[in-house]
Each structure stands twice: as structure tokens, then as C-alpha cells.
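Both ligands and their constituent atoms are indexed starting at 1 by order of listing. Worth saying up front: this structure is predicted, and the values here are computed from it rather than measured.
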Amino acid sequence: MKKIQISPSILSADFSQLGNEIKKLSEAGADMIHVDVMDGHFVPNLTIGPPVIKDLKKYSSIPFDVHLMISPVHQYIEAYAEAGADIITIHPEATNDLQSSIDKINKLNKKVGVSLNPDSKINLIEKNLDQIDLVLIMSVNPGFGGQKFMPEVLDKIKNLVRIRKERNLNFDIEIDGGINFDNCKLAIEAGANIIVSGTTIFKSNNGNIKKNIDLLRSI
Ligand code: DX5
Ligand code: ZN
């Protein structure tokens, strides 16, 4: 079994203190920093762009797990790579040519992530799985933090685990959206090994992020 890693989403952080928030997360034992990039078009919300990521990189040396919810994504991949993204995750519906977007991320020597919305099926990415480092399973419809976990995506995780074994592949499975201390266990049991969490890490236990990261990891 792969080691469980925690990727806190800074969507729930205090945006006026982002540098310090990232420093605190890495000191609290986060394995990576999940950065939600939204364009007000692919999803109905707007967040941050490459210059912000570039400056935030100064606050921590742990990997930046950059989740691009922008369309068309292809033309922006390079800017996020240059800004310091270590993992670049894209949605198949946000590019005209998934293969060439994957190739571009690979050529830039970044880890390739591909994300499936709750209604998106595995067959959208099945033929690309051997070139993908990570599959990000959305357990809410992307756009906002604080939404309710959709347990129906657990079967998709189980199917991915089966395909990974059948094809002798090694991609990580990350889950994102509505994770709390109860459903985290279900996601891990299904086969997820990277856990994204915003609300639970920043708001539970009076915002004790170390305690919340430790709890999610030990579930
Ligand atoms: C949703 C984002 C998630 C979200 C997670 O579009 O991709 O990363 O911020 O936040 P919580 O844990 O609050 O659902
Ligand atoms: Zn995300």
C-alpha cells in the first residue's frame, strides 16, 4: 500500500496571510500544498494565478500540488510550471488534446495529474494512464471549498485501483472535496493515498492544523 500523504488546500486559508499559512502548513507536517486555480469560466469562482504561486514558493520547500480548473488549460501550463508548480493537474474536459497537454507537462519535467469530476468517467483518461503520475478524483463539483462529500465517487477509486493493478501501473490516487475525519477512512479504504482537505484542516479543532493533519493521516 502507498504511504498516505496530506495535501492541504489553501482555498480555506486566510488569503491576506497566504505566505505564513503555507509556512505553518509545512511546519505542521503537510506533505504538499494543494493550490486551487480557478478561472471563473471552467468553474464559477476565481482564485490565483502564476505570480502568486511564484511568490508563495519562497515560504516552503514542500511540493506545490497545483490543481488547474481553467479552460482552455493548454496555453497556461508553461506559466504554472515556471511559477514553481511541482505537480500540474488538469481536467480532460479543459483541453482539446489531452495527450498533447500531458506531453507538455512531461516535457517541463513536472508531475502529471489528471482530474475527474464526479460525473466524469475513467474512460476519458484510460488510454493515458501509463503517462500519468496522479489521478485526482473530485468528490465535489469543483469551484468551492466547504461542500458535501459525494460517496458515489468511491467506486471510481476502486476501479482505478483495479486497472492500476491489471496494467501494472503506479500512479497515485488523490481525493479532493468535502473530506472530513469520517469519510477520509472510506477514501483510503477505497484506495486513495493523497488526501486534499481545506475546511477540515483549517477549521476543525479551532484551526489546530497540526492536529488535523495528524488525525487525517492516522485514520
Ligand atoms: C474544490 C477544490 C478543493 C476544495 C477542497 O473545487 O478543488 O480543493 O478547496 O476544500 P474542502 O476540503 O473544503 O472541500
Ligand atoms: Zn482542488
Intermediate values then yes/no, side chain to side chain contact (heavy atoms under 4.5 Å, CB included), I125 and F171:
CA-CA 12 Å; I125 60 167; F171 55 83; over 6 Å; no

What do you reckon, is CG of D119 surrounded by more than 12 foreign heavy atoms closer than 6.0 Å?
no

Should the heavy atoms of other residues, nucleotides or ligands under 6.0 Å from CZ of F144 be counted, would the total exceed 12?
yes

What I'd like to find out is whether the side chain of H91 reaches to under 4.5 Å of the side chain of N117, using heavy atoms alone.
yes

Can a side-chain donor-acceptor contact be found between H34 and D36 if the only test is distance below 3.5 angstrom?
yes

Measure the distances from the heavy atoms of F144 to every atom of ligand 1 and state whether one is below 4.0 angstrom.
yes

Does any part of the side chain of L11, heavy atoms only, come nearer than 4.5 Å to the side chain of F202, both counted from C-beta?
no

A quick test of your reading: do over 12 heavy atoms of other residues, nucleotides or ligands sit less than 6.0 Å from NZ of K2?
yes

Heavy-atom pairs closer than 4.0 Å: do any link ligand 1 to the side chain of S9, the backbone, both, or neither?
side chain

Measure T199 to ligand 1 on non-hydrogen atoms and call it side chain, backbone, both or neither using the 4.0 Å cut-off.
both

State the atoms of ligand 1, each with its element, that fall below the 4.0 Å cut-off from a heavy-atom position in H34.
8 (O)

With a 4.5 Å limit on heavy-atom distance, are the side chains of F15 and I48 in contact?
yes

Distance filter under 4.0 Å to P142 heavy atoms, resulting ligand 1 atoms:
6 (O)

Out of the N/O/S atoms in H67, what is the name of the one closest to the Zn ion (ligand 2)?
ND1

Option whose closest heavy atom lies nearest to atom 4 (C) of ligand 1, chosen from N117, D176, T89:
D176

Answer with yes or no whether the side chains of S101 and H74 bring together a donor and an acceptor at under 3.5 Å.
yes

Pull out every atom of ligand 1 sitting under 4.0 Å from any heavy atom of G177, numbered as shown with elements.
14 (O)

Checking a contact table here: which protein heavy atom is nearest atom 14 (O) of ligand 1, and how many Å away?
G178 N, 2.8 Å

Angle, OD1 of D36 through the Zn ion (ligand 2) to OD2 of D176 - 10° precision:
170°

Numbered atoms of ligand 1 (with element) below 4.0 Å of M38, judged on heavy atoms
6 (O)

Per-atom filter on ligand 1: closer than 4.0 angstrom to a heavy atom of H67 are 7 (O)

Go through ligand 1 atom by atom and flag the ones less than 4.0 Å from a non-hydrogen atom of G146.
11 (P), 13 (O), 14 (O)

Is the count of non-hydrogen atoms from other residues, nucleotides or ligands lying under 6.0 Å from Y76 atom OH greater than 12?
no

Relative to the heavy atoms of S197, which atoms of ligand 1 are at a distance of less than 4.0 Å?
12 (O)

Numbered in order shown, the ligand 1 atoms found under 4.0 Å of a heavy atom of L11 are 9 (O)

Of all the non-hydrogen atoms in the protein, which one sits nearest to atom 12 (O) of ligand 1, and at what distance?
G198 N, 2.8 Å

Taking atom 6 (O) of ligand 1 as the reference point, the nearest protein heavy atom with its distance
G143 N, 2.7 Å

Is there a heavy atom of D36 sitting under 4.0 angstrom from any atom of ligand 1?
yes

Would you check, one step at a time, whether the test side chain to side chain contact (heavy atoms under 4.5 Å, CB included) holds for F149 with N180?
CA-CA 8 Å; F149 180 79; N180 59 32; 5.8 Å; no

